[in-house]
Chemist: 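Following this message is one structure expressed as C-alpha cells.
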Amino acid sequence: MFSVTMLGILVTMALAFARALMGPTVYDRILAVNTFGTMTILLVAVFGFLTDRPDFLDIALLYALINFIGTIAVLKFFEYRDLGHPGQQNADEEG
Amino acid sequence: MLLGFLAVTAIAIVRLHNLFAVVMLGGIYSLISAGIFVELDAVDVAFTEAAVGAGISTIVLLGTLALTKETETTPKKIKPMPFLVVLVTGSALIYGTFDMPVLGDPTAPVHQHVAPRYIEASGREVGVPNIVTSVLASYRGYDTLGEVTVIFTAGIGVLMLLGGRRPRKAGEKAEAAKKKPARGAGGKSP
C-alpha cells in the first residue's frame, strides 16, 4: 500500500520536475518547485510509514514550513525585484 | 530514481543561462538531496539540507539576483585545460571510491574503531540515553565546544554587521526631525 503511494509520489515528482526543466515562464518553474517541495514532504512522510517510523512526520511538517517561507520569498522577489521591499501598502503610504 | 533526478538537475543547472531558473533548480536540487538523505536514514542531515539548501540559500541567492543581472554571460569557447583538470580529478575521485567499503557494511573500518565502545559503554559512562548526544557532548566535548565557539563568533560578527547601522540611522532620523522645525522657525523669525 505504502509502496504504491511512494511510486505515485515519485511519478508526480518526475512530472513536476519536467515542468521545472522545460517551464516556458517563470511561474511554471515557481509552481513546479513548490509542488516538488510538497512531494518531498509527502515522500518523507510516506517513507516514515514505510519503514515503521511515523516520527518522520514531524520532519515532514518542518519541511512544509520551510517550503512555505521559500515560496513566499520567491514570489515577493518576483513581484518587487527586491527582497527588502516594504510591500505595496507601505509604499503607498510613503508615496 | 532520486539520484537520476539529481544528475538531470545538475546538468540542467549547468546548461541554463536564465539565473532565476537556475536558483529554482537549485532549490529542487536541495530537496532531492534531502530526500536521498532521508532514505539513507540521515534525517538530521536531510533536515539541515532542506533548511539551508532549499530555504535560506534560495532566498540569499534571490537577494543576490536582485542586485545583479538575471542572465548569465558565458564565454562560448571551451577551454581544454580546466576541462582536463576536472576530468582527471573526477576520475581519480571515482577510482578512490572503489576502495571504499559497501554502504551499510558492518565490518567497515569506521564501525570497528570506537563505535562498539560507544554503543556498549556510553550508557554506563555518560548516562544519556541517546548515544549520538553522549558522543557529541561528552566523548567529543572539546570538539563541540570549539564548534560552538566558532558559531558564536560568527553570530557576533553578523550581529555587529547588521546592528551597527541601526542606531546611527535612528540618530540621523532624530536629527532630521529636529532640524526640520528648527529650519522652519529660522525661516519665520527674520
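Residue numbers start from 1 in every chain, and the chains themselves are labelled A, B, ... in the order their sequence lines are given, proteins ahead of strands.
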Chemist: Measure the CD-OG1 distance between B:E39 and A:T51 for me, rounded to the nearest 0.5 Å.
Modeler: 9.5 Å
Chemist: Cluster question for you: counting only ILVMFWY and a side-chain heavy-atom cut-off of under 4.5 Å, with indirect links fine, are A:L31 and B:I32 together?
Modeler: no
Chemist: Through direct or indirect side-chain contacts below 4.5 angstrom among Ile, Leu, Val, Met, Phe, Trp and Tyr, which residues connect to B:V85?
Modeler: B:M81
Chemist: Before giving the answer on side chain to side chain contact (heavy atoms under 4.5 Å, CB included), spell out for B:L62 and A:K76 the whole-Å C-alpha distance, their side-chain angles and the decisive distance to 0.1 Å.
Modeler: CA-CA 10 Å; B:L62 279 180; A:K76 185 176 179 186; over 6 Å; no
Chemist: How would you list, in number order, the residues of residues 61-71 of chain A that have a heavy atom less than 4.5 Å from chain B?
Modeler: A:L62, A:Y63, A:I66, A:I69
Chemist: Examine whether an atom of A:F47 lies under 4.5 Å from a heavy atom of chain B, and if so say whether it belongs to the side chain, the backbone or both; otherwise answer neither.
Modeler: side chain
Chemist: With a 4.5 Å cut-off on side-chain heavy-atom distances among I, L, V, M, F, W and Y, is there a chain of contacts connecting B:L145 to B:Y139?
Modeler: no
Chemist: Side chain, backbone, both or neither: which part of A:I30 has a non-hydrogen atom closer than 4.5 Å to chain B?
Modeler: both
Chemist: Answer yes if B:Y95 and B:V86 sit in the same cluster of Ile, Leu, Val, Met, Phe, Trp and Tyr residues linked by side chain heavy atoms under 4.5 Å apart, and no otherwise.
Modeler: no
Chemist: Are B:I36 and A:F17 linked, directly or through intermediate hydrophobic residues, by side-chain heavy-atom contacts shorter than 4.5 Å (ILVMFWY only)?
Modeler: yes
Chemist: Name all pairs fulfilling the side chain to side chain donor-acceptor pair (under 3.5 Å) condition that reach into residues 22-38 of chain B, sequence neighbours left out, sorted by first residue then second.
Modeler: B:S30-B:E49
Chemist: In this structure, would A:V33 and B:V22 fall into the same cluster of hydrophobic residues linked by side-chain contacts under 4.5 Å?
Modeler: yes
Chemist: Is there any residue in residues 6-15 of chain A with a non-hydrogen atom under 4.5 Å from a non-hydrogen atom of chain B, and which ones are they?
Modeler: A:M6, A:L10, A:M13, A:A14
Chemist: Do B:L31 and A:M39 touch side chain to side chain, with heavy atoms closer than 4.5 Å?
Modeler: no
